[in-house]
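Within every chain, numbering begins at 1; the chains are lettered A, B, ... in the order of the sequence lines, protein sequences first and strands thereafter. Heavy-atom basis, side chains included; hydrogens, waters and symmetry copies ignored.
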Amino acid sequence: MNPSKSPVKQNPAPTHELPYQPDAVEAKWQARWAERGTNEPDLDSAPRPFYNLMMFPYPSAEGLHVGNMFAFTGADAYGRFKRLQGFDVFEPIGFDAFGIHSENYAIKLGINPAELIPRNIVNFRRQLKSIGGMFDWRHELSTTDPAYYKWTQWLFLQLLKAGKAYKKAAAVNWCPRDQTVLANEQVIDGRCERCGTVVEQRTLEQWFFRITEYADRLLADLDDKSKMDWSESTTLAQRNWLGRSEGAEIVFSGAGALRADGQRGGGAADVTLSAAKGPKPSGAEIKVYTTRPDTVFGATFMVLAPEHPQVRALTTPDRKVEVDAYCRMVAAKDLVSRKVGEREKTGVFTGSYVQNPATGKSIPVWVADYVLMEYGTGAIMAVPGHDERDFEFARRYGLPIVRVVAPTSHPDPERSEGEGAEAPKGAEAPLEAAFVDNVNGVLVNSGQFDGMPVPEAKQAVTRWLESRGAGRSQVHFRLHDWTISRQRYWGPPIPVIYCEDHGPVPVPEKDLPVLLPLIEDFQPDNSGISPLARHEEWYYVPCPVCGKRGRRETDVSDTFLDSSWYFLRYPSTEFDDRPFDPTRTRKWLPVTSYIGGNEHAVLHLLYSRFITMVLQELGYLHFDEPFRKFRAHGHIVKDGSKMSKTHGNVVVPDEYIARWGADTFRMYLMFLGPFQEGGDFRDEGISGPRRFLDKVWTLVGEAVSEQRSSPLSHAVEIKRHQTVKKVTDGLEELRYNTSIAALMELVNTLRAENSWNQQLIEELILMLAPFAPHFAEENWERLGHDGSIFRAAWPSWDERLTVEASVEIAVQVNGKTRSKVTVPRGAEQGAAVAAAQEDAAVRRFTEGKEVRKVVYVPNRLLNFVVG
RNA sequence: GCCCGGGUGGCGGAAUCGGUAGACGCAAGGGACUUAAAAUCCCUUGAGGGUAACCUCGUGCGAGUUCGAGUCUCGCCCCGGGCACCA
């Protein structure tokens with residue numbers, strides 16, 4: 001580089017050069033893509049299929065905000081990158097348009113969602129086109145389209161036929177004034193968000209899917225790398241949601257259950273005999289589930305959920321009034337405040353006792369709402385000494401608290417000082433709080449198990465109980481069956497007809513879809529009848545079996561059912577006689593890459609996996625895991641919190657796109673942080689990418705107009721290989737910000753070096769194409785190419801040419817960098833030391849001192865340790 | 001309370017096989033061009049000290065391991081997101 005010559009052109013804008021006009025360029029290429037079918041792979045004959053999926057949006061009235069655009073752009077950049085690498089990328093898009101959000105918004109405006117949603121979709125389509133997504137619009141779908149939900153209903157029928165769907169009573173939030181079911185989000189401080197009435201719990205018959213049957217498989221596949229390459233955070237969330245735990249089911253029973261043990265003798269039996277007095281146990285048998293069978297000797301009372309079927313039988317006549325009142329009080333609470341509201345423990349004594357199978361003592365049976373019917377057996381053995389909730393409850397009601405585990409010394413010997421060391425101690429020490437450590441403890445007050453470490457005791461106590469017929473080891477999942485019923489209007493009607501004689505009868509497949517009628521009075525009213533049931537012409541239908549008058553199911557299905565299979569539909573949208581074509585499915589599925597928000601880490605992704613497993617079992621699919629690769633994107637942060645409607649900090653992208661251009665906006669979004677982590681949105685930063693594109697535009701203009709193609713200098717050649725490597729790696733790892741930074745560096749180098757190598761500029765444009773597709777197309781054309789740049793090939797690099805022949809290494813003295821010297825790449829330690837000893841700065845720090853050690857890291861640094 | 005992320009210049013962020021901290025961009029200051037402004041271009045920009053060559057300090061806080069720590073270990077603090085009585 002010659003410093004005397006002006007590094008940049010003196011007269012900037014020659015008359016023949018057009019300034020970069022994003023509006024015109026973007027309109028031109030969006031039109032061409034549509035005309036030429038650039039984004040439409042041949043789904044039947046594509047040689048290298050790559051299914052690039054992104055989570056389809058819910059078409060809200062507000063339109064897509066910047067946070068949504070960030071997600072779509074990042075997924076699109078990846079798809080375009082894969083296209084340039086030679087894959088036939090299928091990138092479909094659609095709309096998740098059923099559901100309570102749309103319905104509530106429609107109710108607020110007084111517009112039927114059936115009118116509102118299509119309008120929103122028009123706006124969404126416009127926005128998605130304006131950002132330049134590589135979408136195959138031939139395969140757009142909407143879950144509200146009868147041609148789609150016909151197959152959602154078909155799916156329900158397949159599950160029903162296979163015995164994977166069943167009906168049972170379950171609690172919902174009920175607003176007594178609006179006469180409607182409320183979602184948990186619609187309950188604010190225990191009141192209806194619309195009318196302010198106190199919300200109640202109501203029990204309704206609802207349809208469930210047996211997802212719990214698949215809990216083991218859903219968990220096991222998470223570890224199977226051949227099936228699932230997923231973000232670690234997402235698999236972890238699924239694991240937690242599945243919530244596998246190992247424990248024991250223990251039977252607590254009335255008098256006489258342990259009679260045999262009296263004869264057997266032994267430590268525990270002695271306890272049994274000596275303690276088997278006091279209140280008379282009831283004759284009942286109650287099963288509990290616990291993860292701490294080792295603490296059974298400390299179970300001083302038992303608690304049943306208020307809904308537990310045995311509550312009635314266990315309640316003694318003198319306690320009946322109080323117990324009934326308590327259960328009614330709990331039932332009247334809404335689900336939200338019961339679960340997340342005040343945590344003050346309340347409960348009531350049933351009057352009955354059961355016998356602790358370990359100690360033989362009679363313990364009282366209580367009812368309390370901190371025990372949930374949905375988990376385990378709906379009953380617990382309360383061990384107040386070693387469970388915080390039981391401790392709190394025991395304190396409040398004056399129930400006995402017994403220590404059965406004492407702390408042991410810390411396993412790390414360095415830290416085993418002080419009190420923990422002389423364990424087991426304090427077998428009699430009173431508990432100020434529950435001692436819940438389930439690893440570092442030994443049993444006390446537990447008969448023959450005294451002194452046994454907790455982990456071992458879990459097994460031993462379980463085996464002992466089992467030998468006495470009072471328990472067995474058991475695995476439990478936290479996962480519940482999936483309730484798909486929604487007592488709402490805006491969803492696909494569940495295709496079932498109720499007949500007096502034949503009960504629930506599936507709608508015959510030939511009669512699908514069961515159309516959601518367009519009704520004016522879709523809003524819930526005081527009649528207490530579901531909106532659909534008010535329409536007799538729809539409600540009453542002949543029973544498919546006997547032809548007598550039957551009634552339709554008036555519930556619709558959960559939106560998560562719509563979205564649990566949409567990716568199966570995309571490749572087959574043109575077939576109206578099958579949900580997904582077997583040949584197409586075999587070619588395109590499972591999904592190659594799926595990108596979406598981690599807010600769907602559990603429900604949507606888990607339900608999709610479940611549905612896929614069922615369809616595979618039924619012979620409809622050749623795979624059982626739907627998404628081979630999944631990556632969760634980060635979120636855009638604005639004013640310190642995630643951009644979302646609930647935070648009220650959304651920014652509309654349209655004005656930015658209009659002002660700066662879609663490509664600049666895409667570049668900015670991809671540059672502001674790592675895609676999987678998100679970043680801060682502040683509009684000052686957007687001028688950077690715009691300036692960058694302007695510079696590239698000028699560079700191309702100069703290369704073309706001046707017909708110059710200079711050979712690459714050595715420095716530029718090295719930079720070229722480094723850049724291709726960095727950009728490629730960044731794209732593959734979704735670290736787009738570093739890819740863009742590398743491109744900026746390359747451009748800075750080219751400008752500084754005054755280099756106009758035609759091939760290199762073409763490569764630059766190619767590497768820019770995933771981020772700035774319209775801009776890249778236009779410049780590709782300016783550079784003299786005819787077809788789309790997305791038919792061209794991604795550049796490659798030579799690893800050997802990414803490094804210079806000589807390298808600058810740091811020279812440290814005692815770990816502090818004192819100087820730098822240039823040595824040949826891969827120089828021997830001797831040569832490096834010799835070079836460093838020439839250096840004055842190094843000498844200053846080593847002179848007169850003994851060099852005790854030399855650390856040499858080739859091509860990196862040299863460290864003299866002096867004493 | 002529990003589970004995940006994350007704390008690096010004025011700001012967004014680079015650098016994670018332990019090896020030259022601050023790439024790239026924004027903002028700011030100075031200069032060139034211009035009647036002027038915008039745009040563009042050039043220079044400076046972690047803090048402190050020094051005329052300078054240079055020196056000292058510096059990646060949330062406190063310890064530790066190491067020739068060497070943003071990176072590893074232990075103990076804390078703060079911010080963001082998610083889950084919530086799961087026995």
Given atom [atom1] of [X] and atom [atom2] of [N], what is their separation to the nearest angstrom?
X         : N      : atom1 : atom2 : answer
Lys695(A) : C24(B) : NZ    : P     : 11 Å
Met670(A) : C24(B) : CE    : C1'   : 16 Å
Phe692(A) : G25(B) : CZ    : C1'   : 11 Å
Phe671(A) : C11(B) : CZ    : P     : 17 Å

Output yes when at least one side-chain N/O atom of [X] is less than 4.0 Å from OP1 or OP2 of [N], else no.
X         : N      : result
Arg292(A) : A87(B) : no
Arg239(A) : C4(B)  : no
Arg691(A) : G25(B) : no
Arg735(A) : C24(B) : no
Asn863(A) : G19(B) : no
Arg818(A) : U56(B) : yes
Tyr375(A) : A87(B) : yes
Arg682(A) : G25(B) : no
Lys816(A) : C57(B) : yes

- Have a look at G9(B) and give me syn or anti from its glycosidic angle (syn if within 90° of zero). syn

- Note on the structure: Sorted by position of nearest nucleotide on RNA chain B, 5' first, the leading residue of Pro689(A) and Ser245(A) is Pro689(A)

- Taking for each residue the nucleotide of RNA chain B bearing the nearest heavy atom, is the 5' side occupied by Arg844(A) or by Glu745(A)? Glu745(A)

- When you check the gap from the basic side-chain N to the acidic O, do Arg852(A) and Glu850(A) get nearer than 4.0 Å? no

- Message: When the C1' atoms of G60(B) and C67(B) are compared, how many Å lie between them, rounded to an integer?
- Response: 27 Å

- A38(B) and C55(B), which share atom name P, separated by this distance in whole Å: 41 Å

How is [X] classified with respect to the nucleic acid when contacts are heavy atoms under 4.0 Å: base, sugar-phosphate, or nothing?
X         : answer
Glu388(A) : nothing
Glu599(A) : nothing
Lys726(A) : nothing
Phe845(A) : sugar-phosphate
Gly679(A) : sugar-phosphate
Leu861(A) : base
Asn748(A) : sugar-phosphate

- Query: Checking side-chain contact (heavy atoms from CB on, under 4.5 Å) against Lys719(A), which of Val724(A), Leu750(A), Asn748(A), Thr749(A) comes through?
  - Reply: Thr749(A)

- Message: Using every non-hydrogen atom in the two residues, find where Gly74(A) and Tyr736(A) come nearest and quote the distance to one decimal.
- Response: O-OH, 2.8 Å

- Item | Pairing annotation in dot-bracket form, given for RNA chain B with Watson-Crick or G-U pairs under 3.5 Å and | for cross-strand partners | (((((((..(((......[....))).(((((.......))))).((((....))))..(((((..]....))))))))))))....

- Note on the structure: The reported gap from CD1 in Ile401(A) to CG in Asp390(A) (rounded to nearest 0.5 angstrom) is 10.0 Å

- Starting at CE of Met302(A), measure out to CD1 of Ile250(A) and round the result to the nearest 0.5 Å. 9.0 Å

